[in-house]
Amino acid sequence: MDLITPDLGLVFWTGLTFIILMFILTKFIWKPIMAAVNNREDNIQEALDMAKKTKAEMEKLKTQNANLLKEARIERDEMIKEAKITSDGMIESAKSKSKVEADKIVENARVSIEAEKNAAVAELKNQVATIALEIAEKILREDLSSNEKQKQLAESFAKDINLN
Amino acid sequence: MLNTTLKAFVWTIVLLLSAPVFSSSSEEGEPVDVTEMIMHHIKDAHEWHILTYTDDNDGKQHVSVHLPIILIDNGIKVFSSKRFYHEEDAIEIVNAEGKKDHYLVNRELGYGIFHENIYKLNQAGLLDFDAEGHATNAKPYDFSITKNVFTLFFSALLLFVLLRLAVKSYKNDGLHPPRGIARFIEPIVVFVRDDIAKANIGEKKYKKFMPFLLTAFFFIWINNMLGLIPIIPGGANLTGNISFTLTLAAFTMLITVFSGNKNYWKHIFATPGVPIPLLIIMIPVEVIGVFAKPFALMVRLFANITAGHIIILALTGIIFTFGSAAWSALSIPMSLFIGVLELLVAFLQAFIFTMLSALFIGEAVAEEH
Amino acid sequence: MTGLAAIGAGIAVLGAGLGIGKIGSSAMDAMARQPEAASKIQTGMIISAALIEGAALFGVVVGLLQG
């Protein structure tokens, strides 16, 4: 019974001490601690947010870079393609040009060869004609003693002379 | 590990077997009344008893701190409790159960002290007793600085100093992790905030109640732990005193009642969805509930802490009950075990008191949903 | 505290012990089933145990009043 009878004095002192303690602790302890904790938590939150933001930005940059890279690659491919086309064209044109040139040279050569040949043939003809004339002269000189023979000879010559 | 356990077991057996040897030598003087010792310990006192020894002349010498007595009885009277505690002024009586008892008087002052209660003396300078052995004299209002009141002040001061040290380490901008004692304090503060206040009261309204919850938690906890220290300045059974728990529970009740919103009162006096005839029963039940909740808070803390003290003392008392030092082999490990358990209980009861306070407050301020 | 009051207190403790034991076992079950909710279950467990204990303590206080 004695144990569970509240004692006025102790109730009074407890109440008084507790209220004073609560006010003092609130002013000097809880406020600074809570402020520090909240401050730190805010800071951490801020840092986390910042990190998240930075990460997002990085991600964005990365995709941008990737896009740029892709574009660059496409451009490069195009350029290469173009260059190839150009070079192919150039090669082609050079080839055709050189062919034309070569053809021309060949033609020229042919023409000149022909001309040479013609000239040579003409020359030869002349020579042959000259030789033939000389032979003919000689023969004539020899065989033109008789008319008959002369005639016969002339005829055979005429028969035989067939150029080419 | 097994080896150590085995060794301890063997030693226990040896000590238990040697009990008769000790018992023959340890018996002297009158037997110790363990119940009396326990009851004396868990109650409040006007002096702080430290130890008693027997001097050369076989007289008992008490070493104790005499605390001031403050009475309100036609003005404030302040004097040292030393003026009561003189052996020659002890008056022997026989109580209702036939046991010897005594009370102390100081006729100069006109007061007597019986079972740590102060009474006014009658004309003959004695106390009057009724049939059940209770003193019937008038009592002055006793505002003495008793053992518990002293502990109250001491623990408040200790708590302030410890927490102040913690706050001192926050001198910087607070962006750095806590240092020193704050490393221990801060997680507990955060725990009270997140797991007790926020969880029960809600994100929006918890801030207003934080000072009460934090102070109650730390104050109960430090007093629970001081109570476990056997010698001065610990050892007072403050949190196991009904007056202390009554006051704290009353604070919880007052806060609950005064912060209760319309919704809370509506639930008490006009519970939604309950037919009117049933309300006749419901309203008294709900009103009793308003008082029963803090009452349970009060009793819970009181009973848990007092029970802890009683168990530890009873285990220590085994030695004296059986009158043999050999029993210490059993009693000391057991009381050590309970002592460690009480450390847990010290925290747990502080937590439960705060938790339930927060729960009741949370109920009172909850929005309609 | 003597005689009948002590028996009453004993019965109160018995009831509370059974109740708290049931809470403990259910909480353990729940925690084993949902380890991720362990902290919440623990808080609930402590609160219900405290409330039951409160009821038992009323009995003990009545015992003390008698004694």
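Letters A, B, ... are given to chains in the order of the sequence lines, protein chains preceding strands, and every chain is numbered from 1.
- Enclosure of atom NZ in B/Lys77 by more than 12 non-hydrogen atoms of other residues, nucleotides or ligands within 6.0 angstrom is indicated.
- Ranked by heavy-atom pairs shorter than 4.5 Å toward chain A, the options B/Ile72, B/Thr146, B/Thr247 are led by B/Thr247.
- Across all non-hydrogen atoms, the minimal contact from B/Leu246 to A/Pro6 is CD2-CB, 3.9 Å.
- With a 4.5 angstrom heavy-atom cutoff, B/Ile185 touches chain A only via side-chain atoms.
- Neither the backbone nor the side chain of B/Ala250 comes within contact range of chain A; no heavy atoms are under 4.5 Å apart.
- Per-residue counts of heavy-atom pairs under 4.5 Å with chain B were compared for A/Leu25, A/Leu21, A/Ile19, A/Thr26; the largest is that of A/Leu21.
- Within a 6.0 Å radius of CE in B/Met37, more than 12 heavy atoms belonging to other residues, nucleotides or ligands are found.
- Heavy atoms closer than 4.5 Å to chain A are found in both the backbone and the side chain of B/Phe160.
- No more than 12 heavy atoms of other residues, nucleotides or ligands sit less than 6.0 Å from atom CZ of B/Phe291.
- With contacts defined as side-chain heavy-atom distances shorter than 4.5 Å, the pair B/Val167/A/Phe28 does not qualify.
- At a 4.5 Å heavy-atom cutoff, the contact between B/Ser243 and chain A is made by backbone and side-chain atoms alike.
- Of the listed residues A/Ile24, A/Asn38, A/Ile33, the one with more heavy-atom pairs under 4.5 angstrom with chain B than any other is A/Ile33.
- Interatomic distance, OG1 of A/Thr14 versus CG of B/Leu152, reported as 4.5 Å (0.5 Å rounding).
- Rounded to the nearest 0.5 Å, atoms CG (B/Asn117) and CG (A/Asp7) are 7.5 Å apart.
- When heavy atoms are compared at a cutoff of 4.5 Å, B/Asn148 approaches chain A by way of both its backbone and its side chain.
- Using a 4.5 Å cut-off between heavy atoms, B/Phe244 touches chain A through backbone and side chain atoms alike.
- Of the two parts of A/Ile29, the backbone and the side chain both hold a non-hydrogen atom closer than 4.5 Å to a non-hydrogen atom of chain B.
- The side-chain heavy atoms of B/Phe143 and A/Leu8, taken from C-beta on, include a pair separated by under 4.5 Å.
- Heavy atoms of B/Met39 lying under 4.5 Å from chain A belong exclusively to its side chain.
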Could you give the side-chain donor-acceptor pairs of residues 72-86 of chain A under 3.5 Å, partners two or more places apart or in another chain?
unit_1, atom_1, unit_2, atom_2, d
A/Thr86, OG1, A/Glu82, O, 2.6

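- For B/Val190, the part lying under 4.5 angstrom from a heavy atom of chain A is the side chain only.
- Only the side chain of B/Leu248 comes within contact range of chain A, with heavy atoms under 4.5 Å apart.
- In this structure, A/Leu10 and B/Val149 have side chains that are in contact, with non-hydrogen atoms separated by less than 4.5 Å.
- By the side-chain hydrogen bond (donor to acceptor under 3.5 Å, both in side chains) test, A/Trp30 is found to be paired with B/Thr215, residues two or more places apart in sequence or in another chain being considered.
- Relative orientation of the A/Trp13 and B/Phe153 rings is perpendicular, given thresholds of 30° and 60° on the angle between their planes.
- The contact between B/Phe212 and chain A is made by backbone and side chain atoms together, counting heavy-atom distances below 4.5 Å.
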